[in-house]
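Below is one structure, written out as structure tokens, with a few remarks after it.
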Amino acid sequence: MSELNWQRTPPITMVFFILREIKRLVSNITNLIPVIAVVAVSGTPAKAAILVAVAYFLFTIAVAIMHYNRFLFAIGDDAIHLRTGIMNRQNLTLKFDRIQQAELNETWYFRPFDLTILSVDSAGAGGNEVEIPGLKTALAQQLRQQVLATAKSSDTAAGKASDAGSEERIEPDYQRQFSLPDIVRAGVIDNKIFVLIAVLAYPLSQLDIMENYIVPWLETHTQWLDTSNWWVAPLLGMAVLAMLFVLAIGVSVVRYYGLSLTIAGGRYQARGGLFTIRTLSFRYHKLQRVQIHQNLRARILGRWTLRVSQLRPRQQAQGQAASQFTLPVVTAPILTDLRRLLKLPEPDSLGWHRISVLALLGPSIWLAVLAPLGAYLIYRQVDSLMLAAVISAGFWLLLQIYIVLRWLRFSYSTGEDWLAVRRGVLSRRENWYPLYKVQQIDVKRSPWLRLLGFADLVLNTPAGSENIRYLPRSQAEHLQQQWVNDIARSHKPWM
């Protein structure tokens, strides 16, 4: 180790460490609930909040400087060596033949300096992604090619299909560039902005700033809204909804601008971004799940979202997003091509199986029990028994129709070493799992299922679990034994 040429990254790398600390704060925001509570109940919450924010900012700067001073790297003939950590110091060696992935992340603050981040997912280091920030782009590309070449020779020696070095080919097997209108459609389809607003709506409504400033301002400037201007409130609601769509579209353009897909050999690579250009890829023999999703807006636009899981999704604080290869907006012809390239069977050629109609029994009973309670609560508000009964019956009918449609849409199938599960009414989803990579198959029987003579079949895979409910007990046990035998006989590469 002492003979290595240890190098320090440029000072601009401190920005990376600052942003990393902020990301950790966001990921672990629940740990700050006691501090937030103290600030909220204090006599001067505004001053206390400012002091906490300033203290955190100074602490973040100090921690970033210490991380920067400690971070050193050295490049050997067959490995990358790192020295990291402040209190818990680590000397980490990443052998090229143990690195599963190597990606370049060209962030907006590094691009003017011709620097980038090399992200590697190693079989060591607890399986976590390791980021090496502040590398010269040429050096990072050279290291990436060296890692891929080493992985190629390693896979060949192990008797696997060699795809890691496929980027050296002149002509890729498949290439597709996504246009700006498609990226805009991806923003219209995405739900993240709406989910974020829904999550933050209640906490924001409890802040003093809402009661002391925003609400009085709205009351002052909306007095002209009376019964004669009934049309203005719906118009304002539509304007707010349009603003949310515009915000979602902006986030999509920033994240996916210039998105391109390249398939060479067994390597699938997507590259895109407006300010920060990120490259994501996976190798086919490490595929764990293919998910094809289409929400209501996507169905109207005739588009799909395709996600491929290479590793088991980690918790957000451990970099869950790194395990997902996502194409946010896919047309029908592209989806047909990807099904073929991913070796998925044609859905129409498979025999799809529904679960028992008794699966409707439990939700229908709960709905029947809750309907009279809902009618009583509505009656307390409208003071009309007939109106309460009509409204309650309408809600019961809609929910019962939804329960039936959800049952009709759920189906499963196996064929050509794949397990496929379809579900969803308004938002539809197909999950495809390589059956030979299933890790555990359980037959579970609750007291209710035992009473009916049924069981649930639970399959645990590296990309999560899948539950096939309400199977006759004999059928569930037969499928469990059959699939276990098929998995045991398979000699296909698991990783």
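All residue numbers refer to positions in the sequence shown, counting from 1. Remember, predicted model here, so these are calculated numbers, not experimental data.
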Ignoring hydrogens and geometry beyond distance, is a side-chain donor-acceptor pair present between Asp442 and Gln440 at under 3.5 Å? yes

Closest non-hydrogen atom pair between Val443 and Ala476, with its separation: CG2-O, 4.0 Å

Going by heavy atoms in the side chains, are Glu430 and Gln291 under 4.5 Å from each other? no

Could you give the distance from CG (Leu335) to CG (Leu342), rounded to the nearest 0.5 Å? 9.5 Å

Would a 4.5 Å heavy-atom cut-off, applied to side chains only, mark Trp432 and Pro345 as touching? yes

Could you tell me which non-hydrogen atom of Arg111 sits nearest to which non-hydrogen atom of Leu274, and how far apart they are? NH1-O, 3.0 Å

Evaluate the criterion side chain to side chain contact (heavy atoms under 4.5 Å, CB included) for residue pair Ile334 and Phe178; output intermediate values, then yes/no. CA-CA 10 Å; Ile334 297 178; Phe178 292 84; 4.1 Å; yes

Verify side chain to side chain contact (heavy atoms under 4.5 Å, CB included) between Leu479 and Leu457, making sure each step is shown before the conclusion. CA-CA 9 Å; Leu479 287 176; Leu457 194 62; 3.9 Å; yes

Would you indicate whether Phe57, at its atom CZ, is surrounded by more than 12 heavy atoms from other residues, nucleotides or ligands within a distance under 6.0 Å? no

May I have the step-by-step check of side chain to side chain contact (heavy atoms under 4.5 Å, CB included) for Val120 and Leu118, ending in yes or no? CA-CA 6 Å; Val120 296; Leu118 179 65; 4.1 Å; yes

Arg445 versus Gly453, closest heavy-atom pair with distance: NH2-CA, 4.2 Å

Distance, nearest 0.5 Å, that separates CZ of Arg278 from CG of Leu259: 13.0 Å

Gap separating the CH2 atom of Trp483 from the NE2 atom of His478, nearest 0.5 angstrom: 10.0 Å

I'd like to know if the side chain of Lys286 reaches the main chain of Ser309, judged simply by a donor and an acceptor atom lying under 3.5 Å from each other, with no hydrogens or angles considered. no

Which atom names give the shortest non-hydrogen contact between Ser252 and Ile183, and what distance separates them? OG-O, 2.9 Å

Distance col, row Asp337:CG vs Tyr174:OH, nearest 0.5 angstrom, shows 4.0 Å

Got Tyr436 and Asp486 here, is their nearest side-chain heavy-atom distance under 4.5 Å? no

Is any side-chain heavy atom of Tyr433 closer than 4.5 Å to a side-chain heavy atom of Trp418? no

Mark yes or no for whether Gln177, through its side chain, and Gly258, through its backbone, hold a donor-acceptor pair below 3.5 Å. yes

Within a radius of less than 6.0 Å around CZ of Arg20, do more than 12 heavy atoms belonging to other residues, nucleotides or ligands occur? yes

When you check the side-chain N and O atoms of Asp456 and Tyr470, is any donor under 3.5 Å from an acceptor? no

Under 4.0 Å between a side-chain nitrogen and a carboxylate oxygen: does that hold for Arg289 and Glu466? no

Do Glu106 and Thr276 have side chains that get closer than 4.5 Å, going by heavy atoms? no

Main chain of Gly351, side chain of Ser413: is a donor-acceptor contact present, judged purely on distance under 3.5 Å? yes

Heavy-atom closest contact (Pro363 atom, Leu360 atom, distance): CD-O, 3.7 Å

Nearest heavy-atom neighbours spanning Glu131 and Pro133: O-CD, 3.4 Å

Determine whether more than 12 heavy atoms belonging to other residues, nucleotides or ligands lie under 6.0 Å from atom OH of Tyr257. no

Side chains of residues 378-398: which donor-acceptor pairs under 3.5 Å do they make with residues two or more places apart or in other chains?
unit_1, atom_1, unit_2, atom_2, d
Arg380, NH1, Tyr376, OH, 2.9
Ser384, OG, Leu387, N, 3.4
Ser392, OG, Ala371, O, 3.1

Going from OG1 on Thr326 to CG on Leu306, what distance comes out if it is rounded to the nearest 0.5 angstrom? 8.5 Å

His293 and Ser427: side-chain donor and acceptor closer than 3.5 Å? yes

Determine whether the side chains of Asn460 and Gln439 contain a donor N or O and an acceptor N or O closer than 3.5 Å. no

Let me see the working for Thr60 and Phe17 under side chain to side chain contact (heavy atoms under 4.5 Å, CB included), right down to the final yes or no. CA-CA 9 Å; Thr60 299; Phe17 291 111; over 6 Å; no

Using side-chain heavy atoms (C-beta onward) and a distance below 4.5 Å, is Val330 in contact with Thr305? no

For residues 405-412, run the donor-acceptor check on the side chains, cut-off 3.5 Å, and write out each pair with its distance to 0.1 Å, sequence neighbours left out.
unit_1, atom_1, unit_2, atom_2, d
Trp407, NE1, Ile355, O, 3.1
Trp407, NE1, Ser356, O, 3.1
Arg409, NE, Gly424, O, 3.2
Tyr412, OH, Gln475, NE2, 3.1

One should read off an interatomic distance between Arg303 CZ and Ile189 CD1, to the nearest 0.5 angstrom, of 7.5 Å

Is Asp190 salt-bridged to Arg297, cutoff N-O under 4.0 Å? no

Once ring-ring contact (aromatic ring centres under 6.0 Å, His included) is applied, do any residues pair with Phe16, and if so which ones, sequence neighbours excluded? none

Do Arg185 and Pro181 come close enough that some side-chain heavy atom pair is under 4.5 Å? yes

Are the side chains of Val458 and Ile468 in contact, using a 4.5 Å heavy-atom criterion? no

Would you mind telling me which of Gln269, Arg271, Arg267 makes a side chain to side chain donor-acceptor pair (under 3.5 Å) with Ser281? Arg267

Flag if over 12 foreign heavy atoms under 6.0 Å of CH2, Trp352: yes

